[in-house]
> 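Right, I'll just put the structure down here and ask away after.
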Amino acid sequence: MKFAPSLLSANFARIAEEISAVVDAGADYLHLDVMDGRFVPNITWGPKIVGDLRPLTKLPFDAHLMVVEPERYAEAFVAAGANIITFHIEATPHAQRLLAHVRDLGVKAGIAIDPQTPVGALVDIVEDCDLILIMSVNPGFGGQSFLERSLAKIREARALVAERNPRCEIEVDGGINARTLPLVAAAGADVAVMGSALFDAVDPGAQLRNLRALLAT
Ligand code: DX5
Ligand code: ZN
């Protein structure tokens, strides 16, 4: 299992320390939640912040675009240093075209599905994806409760990628904590995004190590 700490719940007044804590504890990706106040009701950051964070670590930047018209922004986030560009299938009428465009930019292409979107929506584009992101909360905010139905969707996604694109990673985002992480892992996820479960802890690095150890038991 890979761990992708979400900086949404980190304290940006001391972001370098927050990043070092999870990098030193063995994080695999840094998950960057981009919100535009339109696709989701919240606003976070744009390419400038991503570029400013880039020198702080060599870890892959996993940019999760929760924006309308994501095709307008992929290039700017790649230029800022993103290594994975994930956008929502609900946010664009031409997902396959954008997946191909993102790959042409030389980075990995991911597609995210909201809780109401069935895994079946991915059948005809899974071969164009490097990553599928199953949202296990409604996007927009950290600290929400895990939607249990997501476990069945992870199992469906695992079967789909096994059949059509075994190299595609399955990432899960929202409400992952010490209780839900083992369930997400058992259902077949490759990457766990975690925000509040890490950054609301007194020591996010120790928390990450504890959660990894939990999976090993
Ligand atoms: C929510 C974001 C998540 C968020 C998860 O829209 O996509 O990445 O940070 O936060 P937690 O882990 O607190 O549910
Ligand atoms: Zn996210």
Side-chain angles (χ1 to χ4, degrees), residues 1-12 15 18-19 21-22 25 27-46 49-50 53 59-68 70 73-74 77 82-91 108-117 129-151 153-154 157 169-185 189-202 204 207-208 210-212 214-215:
M1 175 66 86
K2 292 181 180 173
F3 288 87
S6 162
L7 297 188
L8 186 62
S9 294
N11 182 344
F12 266 73
I15 196 64
E18 299 271 63
I19 289 175
V22 293
D28 297 280
Y29 300 152
L30 275 189
H31 185 84
L32 299 170
D33 289 300
V34 178
M35 304 186 186
D36 66 351
R38 294 186 63 207
F39 183 71
V40 289
N42 198 2
I43 297 175
T44 56
W45 50 75
I49 300 280
V50 175
L53 299 177
L59 279 194
F61 276 6
D62 171 27
H64 176 193
L65 306 188
M66 285 160 275
V67 304
V68 298
Y73 301 102
F77 282 99
N83 306 95
I84 306 168
I85 298 283
T86 298
F87 62 91
H88 275 257
I89 197 168
E90 303 87 1
K108 292 190 172 176
I111 191 110
I113 56 170
D114 272 350
Q116 86 277 6
T117 302
C129 299
D130 299 296
L131 181 145
I132 288 172
L133 172 53
I134 310 279
M135 288 304 303
S136 40
V137 297
N138 285 290
F141 300 94
Q144 303 181 78
S145 297
F146 184 86
L147 295 167
E148 302 291 327
R149 161 77 188 135
S150 314
L151 295 172
K153 292 178 74 174
I154 299 165
E169 291 192 320
I170 299 171
E171 182 175 54
V172 183
D173 185 3
I176 302 185
N177 54 32
R179 182 187 73 83
T180 53
L181 177 65
L183 304 176
V184 163
D190 300 298
V191 187
V193 176
M194 274 187 289
S196 54
L198 294 177
F199 291 106
D200 288 357
V202 178
Q207 179 76 342
L208 178 50
N210 289 341
L211 290 168
R212 204 186 276 283
L214 183 72
L215 288 185

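Counting starts at 1 for both ligands and their atoms, following the listed order. Every heavy atom of this structure was used, including side-chain atoms; hydrogens, water molecules and symmetry mates were not.
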> Please find the pair of heavy atoms, one from Ala82 and one from Ile85, that lie closest to each other, and give the distance.
CB-CD1, 3.8 Å

> Kindly tell me which protein residues have any non-hydrogen atom under 4.0 angstrom away from an atom of ligand 1, grouped by chain and ordered by number?
Ser6, Leu8, His31, Asp33, Met35, His64, Met66, Met135, Pro139, Gly140, Phe141, Gly142, Gly143, Asp173, Gly174, Gly175, Val193, Met194, Gly195, Ser196

> Does Lys2 come within less than 4.0 Å of Glu169, counting only side-chain N to carboxylate O?
yes

> Should Asp130 and Ile84 count as side-chain neighbours, where that means a heavy-atom distance under 4.5 Å?
no

> With Ser196, which residues qualify under side-chain hydrogen bond (donor to acceptor under 3.5 Å, both in side chains), at least two apart?
none

> Kindly assign one of parallel, tilted or perpendicular to the pair His88 and His64, based on the angle between their ring planes and the thresholds 30° and 60°.
parallel

> What protein N/O/S atoms are found closer than 2.8 Å to the Zn ion (ligand 2)?
His31 NE2, Asp33 OD1, His64 ND1, Asp173 OD2

> Mind listing the closest non-hydrogen atom pair of Asn83 and Pro60 along with its distance?
OD1-CA, 3.3 Å

> Could you tell me if the side chain of Trp45 sits less than 4.5 Å from the side chain of Val34, heavy atoms only?
yes

> Take Asp33 and His31 through the side chain to side chain donor-acceptor pair (under 3.5 Å) test and state the conclusion after the steps.
CA-CA 6 Å; Asp33 289 300; His31 185 84; 2.9 Å; yes

> Could you pull out every donor-acceptor pair under 3.5 Å between side chains of residues 178-185 and any protein atom, sequence neighbours left out?
from   : atom 1 : to     : atom 2 : distance (Å)
Arg179 : NH2    : Glu148 : OE2    : 2.6
Thr180 : OG1    : Gly175 : O      : 2.8
Thr180 : OG1    : Asn177 : N      : 2.9
Thr180 : OG1    : Asn177 : OD1    : 3.1

